[in-house]
There are 2 protein chains.
Amino acid sequence: MEAEQPARRPGGRTARVRAAVHEAVVDLLREEEWGDLSIALVAERSGVHQTTLYRRWGTLAALIDDVVTERLTRSSPVQDTGTLRGDLEAYAVQVAEDVASPLSAVFLRAAMVGTHAEGGEPPRQIYLLERGVQLQAMLDRARDRGENPPTLLELLEVVLAPLYFHVIFFNSPAGADHARGLVDRLLALTAST
Amino acid sequence: MEAEQPARRPGGRTARVRAAVHEAVVDLLREEEWGDLSIALVAERSGVHQTTLYRRWGTLAALIDDVVTERLTRSSPVQDTGTLRGDLEAYAVQVAEDVASPLSAVFLRAAMVGTHAEGGEPPRQIYLLERGVQLQAMLDRARDRGENPPTLLELLEVVLAPLYFHVIFFNSPAGADHARGLVDRLLALTAST
DNA sequence: AGCCTAACGCAAAAATACTTGCTTTAAATT
DNA sequence: AATTTAAAGCAAGTATTTTTGCGTTAGGCT
């Protein structure tokens, strides 16, 4: 045989541990405060020993980084309600809810100059791109139905930006009603054009 | 005399220490890696004893929070051009520029991480409180002139939020033209009401 | 089925981070 | 300029976090 690497072993148990740990991180991030998260907590919740966490990930930041990159590659669906307003409202309300958990704060942080990925630098923009494509598809559907949709940029600026803004600066999420209000504003914008 | 409070003493030395610490934090934030920042480092750089940092700020997050709040309220003062549109455009363009500096990105990140009030203190969520007062004054001026200004919330959502959004998600600041376009959008909103 | 060893669990040690009691400095008050 | 006492300094604690050495478990291989 030629030059062998240490011969990793990513099979059964290792994968199981990884899954348990990831799940614990996401769960804790959903309920607990950001600052309260710690290696010790993740260990307790996941049933995986602290030592393992330290040996496999080294630091909490690296672990979170791992979790985030994994989840970012999974796209969550934009639904099709049949009308532009319906689609937009469903999306806006969904984001308003999602954005309330510390989990999204982490995503946010990762999105803007993410933490340091040790080895390769996995593309984070892909998430935004993918999501952007989905939203664009939603707008295209509306156009195909004969509606007069806004541009993607307008959607992002008028609806999405304020939702994130609320969380970052007011530290409180916008409610569903407020989210729908933003959609109103967006639609009013295109109606007058 | 009636019930006296502990009688604070914010004078000379205290202010000096505070200034030294703030300067150290900003410097370190500029050069050092994000995660490397620690109470110990700030203490060493500023020449202020660790104990003082712990006693005055409690945690690193609270300290950063303090620094960020201060700097955010200092930057981009609101000017009086005589018309609502003029004021808004001046402000929007100014923010678009400010937000382009690399240090702002750091502060933004810090803002997201730093905001969690430890026991006792009311949540210092609103970094823009002071700024909000200034902006409200600007809107009030417009109303006094007989113009029909938007609400503060509308201003924040329609103009400010997208400016920050650009930096965070597109990783590039909005140009002056774009900033003015946002002001147009805001004014169109109130015109139609 | 049996061997080899990567990956995990455990407990104890090492390293950091934070707190506490007391002393010293200097802002404010008289 | 003397007095008072918040706020800072210091050093010695306590607590928490991270590392380390070694025994155990269970993938992957023949």
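Values in this document were obtained by computation on a predicted structure and should not be read as measured data. Here is how names work: the chains are called A, B, and so on, in the same order as the sequence lines, proteins then strands, and each is numbered from 1.
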So what does A/R16 hit on the nucleic acid, given a heavy-atom distance under 4.0 Å: a base, only sugar-phosphate, or nothing?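 Sugar-phosphate, backbone atoms only, no base.
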Kindly indicate whether the side chain of [X], heavy atoms from C-beta on, has any atom under 4.5 Å from the side chain of [Y].
| X | Y | result |
| --- | --- | --- |
| A/H22 | A/D66 | yes |
| A/D144 | A/R141 | no |
| B/R85 | B/D184 | yes |
| A/D87 | A/V78 | no |
| B/V25 | B/L63 | yes |
| A/L135 | A/L156 | yes |

Exercise answer: donor-acceptor pairs, residues 35-42 of chain B side-chain atoms, under 3.5 Å, sequence neighbours excluded:
| residue | atom | partner | partner atom | Å |
| --- | --- | --- | --- | --- |
| B/S38 | OG | B/L41 | N | 3.2 |

Mind grabbing the angle between the end helix axes of the helix from C/dA1-D/dT30 to C/dT30-D/dA1? Five pairs an end, 10° rounding.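 The angle separating the two end axes equals 50°.
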Whole-Å distance between [N] [atom2] and [X] [atom1]?
| X | N | atom1 | atom2 | answer |
| --- | --- | --- | --- | --- |
| A/W57 | D/dT19 | CH2 | C1' | 18 Å |
| A/E44 | D/dT16 | CD | P | 14 Å |
| B/R13 | C/dA27 | CZ | P | 7 Å |
| A/L53 | D/dT19 | CG | C1' | 14 Å |
| A/L41 | D/dT16 | CG | P | 13 Å |

For nucleotides 17-22 of chain C, just jot down a letter per nucleotide in 5' to 3' order: B, S or -, based on protein non-hydrogen atoms under 4.0 Å. SBBBBB
If only side-chain N and O atoms of B/T14 are considered, is one of them under 4.0 Å from the OP1 or OP2 phosphate oxygen of D/dA7?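 Looking at the OP1 and OP2 atoms of D/dA7, neither is under 4.0 Å from any side-chain N or O of B/T14.
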D/dA8 phosphate, OP1 or OP2: any side-chain N/O from B/R56 under 4.0 angstrom? yes
